[in-house]
Protein chains: 2
Amino acid sequence: MTAPLRLSWMDVRETIRTRILDRTYAPGDRLPRDEDIAQELGCARTTVHRAMQDLSQMGLVERKRKGGTHVRADPVTRATFDIPITRREVEQQGRKYDYQLISREMEETPIPVMARLGIQQPVPMLHVKALHLADNRPFIFEDRWVDTRSTPGILDVDLQVQSANEWLVHNKPYSRVDVRFYAVIAQGESARYLATSAESALLVIERTTWIGQDPITTVQSVAAPGYQVAAQN
Amino acid sequence: MTAPLRLSWMDVRETIRTRILDRTYAPGDRLPRDEDIAQELGCARTTVHRAMQDLSQMGLVERKRKGGTHVRADPVTRATFDIPITRREVEQQGRKYDYQLISREMEETPIPVMARLGIQQPVPMLHVKALHLADNRPFIFEDRWVDTRSTPGILDVDLQVQSANEWLVHNKPYSRVDVRFYAVIAQGESARYLATSAESALLVIERTTWIGQDPITTVQSVAAPGYQVAAQN
DNA sequence: GACTTTATTAAGTATGCACATATTAATAAT
DNA sequence: ATTATTAATATGTGCATACTTAATAAAGTC
C-alpha cells in the first residue's frame, strides 16, 4: 500500500469531519488548536487552517480568534442553489426554449416594488412581463421592474427578441442579490399565461439585485405547476 | 493618507471583481495568470490564489489547471440558504415555540418515499407527523420518514416531548443532504393542521439526508401561508 | 495521416516563517 | 469595587519556495 507521504488539507478535513460526526468532538465542544492538530496529524498548521476554513464555511464549526474552534451546537442545513438563466435551464433539460414578450411599459414604482428595491420615492421604471416556454408549453412567467437610472441600456433593447432576463445577466453584473421563494395561488395573469387550471399552487422565485447601493431590477418568476428548485450538498 | 503597505487577498478580490463588473475582463475572457496579476498588483501569488478561490467559489470565475481562469460566460445567481431547526427559527423571531406530535407509526416505505431515499426495496420505517407552532398558531406541518436501520435510536425517543427534527439534528449528523422547494395546494391533513382556508398555496421544503450511502430521513415540511425562505448574498 | 509519447503550462498544494488582529485574562491604577 | 492597561493566546494573513497535477500542445513514431 502506498500511504501518502503528505496529508492534503482535504484529508485533514475528512479526519476532523469524521471526528465531529462520530462525536469525538461533540456539538459545542472546543477543538484543539490548529497547531496541536497539525502536530498530531503530522502536517503544517497552514494545512489544518485550510481544512478548518472549509469546515467553517460549510457551517460545521465556528472559529473565533483567541476563542478557538467550536463544533456548532445548532447545526443548520446549508444548501447552495444555482439559478441559471431560464434559457439555459430549459435547454439543459433537452427541451426547446422559447420566449414571448407580453408587455413593456414605463410606470411609476408601486409601493411593494419600492420596498423590495429599498427605495423611498417612486420613479419611472421599466415594467416588463414575459413568458418563457419549454417545448411550446409555458414554463416561467416573469414580472420584472428595471430601474432605468442604473440601467438605461435596457431601453435600447428589443425585448421582443431577447428576454430582459438574458440581457441583464449578460450585460448588467450585480454586486448584491436577494433571493426568496414562496408559494402563490394561480390567479389572474399568472394563471392565464401559465395555462393552468385555476387554483393550482405555483412556486415564485423572487430576485432583486443591486450594483453598489443602486437597485438594478426585481423580478417575480412564477413557475409552472410541478416546478421544483433543488440543491444537493 | 496611509496606503496599506500590503495588499490583502480581499483587496485583490475586489480589484478583480471590479474589473469583471466593469468589463475589463468580459464574460468568457481568460484572465491573466495568477502570477502576472500578482506581479502587477505587487503581491505574492498565494494572495492572488486566495482571492481567485473566493471568486471561483462564488461562481464569478471558473478555474482549470493549465486552462487558466475564465470569467463565467453564463453567470448564475448563486444563493446559500441556512435552514435552522424549527424551534430556533421561531424563537429567533421572538415568538413562542410549541410542538405537537400528531402520529408515530411503523410502516412499510411507500414508493415515492423510496424514490426520495434512493432505496429499491420497502422496509419498515418510522413515519412521524408533527406540527410546529409559533405563538400558538400553526407554523410548519412536517411529514417525516426515518430509516430505523441507520437510526435505531429514534425508536427510544419520546416524540411527544422532543421533535424528531430536533433530535435528529442533535444526534444524527449527516454527510449528504438534498433540499428542494416547491408549492402545493392546501388539502387534507396539511390544510387541516395548518388551519388554512382550503385552496391556499403552501411552500414545501423537502429534505433528505444520508450518512455515507445509508439514508437517514426524508421530510416534507409544509409551511403555513405567507412563509418565505430567503437568502441574500 | 493517425497514433503515441513527451514537454510545457498554469493552477493546486504543502511548508515554514513572520506578523496582524481580535479576545480573553490578568494586572495595575483610579 | 470599578475601570483602564497590559499581556497572553489562537486564529488570520502574507510571503517565498518547492513540488504536484491536470490539461494542452508539440514532437516523434508507426
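Computed from a predicted structure; not experimentally measured. Letters go in sequence order (proteins before strands), and every chain restarts at 1.
Here C:dA11 presents its P atom at 17 Å from CG of B:Asp54, a figure rounded to the nearest Å. Atom-to-atom, CZ of A:Arg63 to P of C:dT23 comes out at 14 Å; the value is rounded to the nearest Å. Between A:Leu41 atom CG and C:dT13 atom P the separation is 18 Å, expressed in whole Å. What separates CE of B:Met52 from P of C:dT13 is a distance of 15 Å, to the nearest Å. A:Arg50 has its CZ atom 14 Å from the P atom of D:dG14, to the nearest Å. The CG-P distance, from B:Asp34 to C:dA10, rounds to 10 Å in whole Å. Residue A:Arg33 contributes atom CZ, which lies 15 Å from atom C1' of C:dT24 at whole-angstrom precision. Between the CD atom of A:Glu62 and the P atom of D:dA10 there is a distance of 19 Å, given to the nearest Å.
Distances were taken from every side-chain heavy atom of B:Thr47 (C-beta onward) to each of C:dT13, D:dC15, C:dT24; the shortest belongs to D:dC15. Checking D:dC15, D:dA10, C:dA11 against every side-chain atom of A:Arg30, the shortest atom distance belongs to D:dA10.
For B:Ala51, the side-chain contact (heavy atoms from CB on, under 4.5 Å) partners at least two apart in sequence or on another chain are B:Val12, B:Arg13. Here B:Thr148 pairs with B:Met106, B:Leu126, B:Ile154, B:Leu155 under the side-chain contact (heavy atoms from CB on, under 4.5 Å) rule; sequence neighbours left out. For A:Tyr227, the ring pair (Phe, Tyr, Trp, His ring centres under 6.0 Å) partners at least two apart in sequence or on another chain are A:Phe139. Every residue two or more places apart in sequence or in another chain that forms a ring pair (Phe, Tyr, Trp, His ring centres under 6.0 Å) with B:Tyr97 is listed here: B:His132. For B:Arg23, the salt bridge (charged side-chain N to carboxylate O under 4.0 Å, His left out) test picks out no residue, with sequence neighbours left out.
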Tabulate protein N/O versus nucleotide N/O from nucleotides 17-22 of chain D, keeping only pairs under 3.5 Å, one per line.
{"residue": "D:dT21", "atom": "O2", "partner": "B:Arg65", "partner atom": "NE", "Å": "3.4"}

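The phosphate of C:dA10 (OP1 or OP2) has no side-chain N or O of B:Thr69 nearer than 4.0 angstrom. An OP1 or OP2 oxygen of D:dT11 is reached within less than 4.0 angstrom by no side-chain nitrogen or oxygen of A:His49.
Within the 4.0 angstrom heavy-atom criterion, no nucleotide atom of any strand lies near A:Gly67.
Looking at B:Thr80 and A:Thr80, their side chains do bring a donor and an acceptor atom within 3.5 Å of each other.
The residue among A:Trp9 and A:Lys64 whose nearest nucleotide of DNA chain C lies closer to the 5′ end is A:Trp9.
Shortest non-hydrogen contact noted between B:Pro152 and B:Arg149 is CD-O, 3.7 Å.
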